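The next block holds one structure in the form of structure tokens; read it before the comments.
Because the structure is a prediction, the values reported are computed rather than measured.
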Amino acid sequence: KIDVEGFELEVIRGMHAILRSPGLRGLFVEVHFLASVERGEPQGPAKLTALLKEAGLSYHWVDASHLVATRAGR
């Protein structure tokens, strides 16, 4: 579970190798849209989901601020 109060994009960027690891089965991320905008990354959530897709993960939004990402085929 990732809940880092607006630093989601930075954390996901720093997890490059882990995201690509076949052993990673899933992530649960709380996304703070307003904090992303306030930090100068208005496209932060879109960039975050793009990084998940590039790593071979599929995702869906559970609600307006939470997403679940899983390895395809799991």
* Asked: Considering residues at least two apart in sequence or located in another chain, which fulfil the salt bridge (charged side-chain N to carboxylate O under 4.0 Å, His left out) criterion with Arg20?
  -> none

* Which pairs with one or both residues in residues 47-69 pass salt bridge (Lys or Arg N to Asp or Glu O under 4.0 Å), sequence neighbours excluded? -> Glu41-Lys47

* Asked: Which residues pass the side chain to side chain donor-acceptor pair (under 3.5 Å) test with Glu10, sequence neighbours left out?
  -> Arg39

* Asked: Going from CH2 on Trp61 to CG on Leu67, what distance comes out if it is rounded to the nearest 0.5 angstrom?
  -> 4.5 Å

* Asked: Looking at Leu24 and Leu19, what are the two nearest heavy atoms and their distance?
  -> CD2-CA, 3.8 Å

* **Minimum heavy-atom distance Val37-Pro42, with the two atoms named** => CG2-CA, 4.0 Å

* Asked: For Phe28, what residues pass the side chain to side chain contact (heavy atoms under 4.5 Å, CB included) criterion, not counting sequence neighbours?
  -> Lys1, Val62, His66, Val68

* Approximate separation, where rounding is to 0.5 Å, of Leu51 CG and Leu9 CG -> 6.5 Å

* **Summary of side chain to side chain donor-acceptor pair (under 3.5 Å) pairs that have at least one residue in residues 27-38, sequence neighbours excluded** => Asp3-His32

* For Val4, enumerate each residue passing the side chain to side chain contact (heavy atoms under 4.5 Å, CB included) test, keeping only those at least two apart in sequence or located in another chain. => Ile2, Phe7, Glu8, Val11

* Do Thr49 side-chain atoms and Pro45 backbone N/O form a donor-acceptor pair below 3.5 Å? -> yes

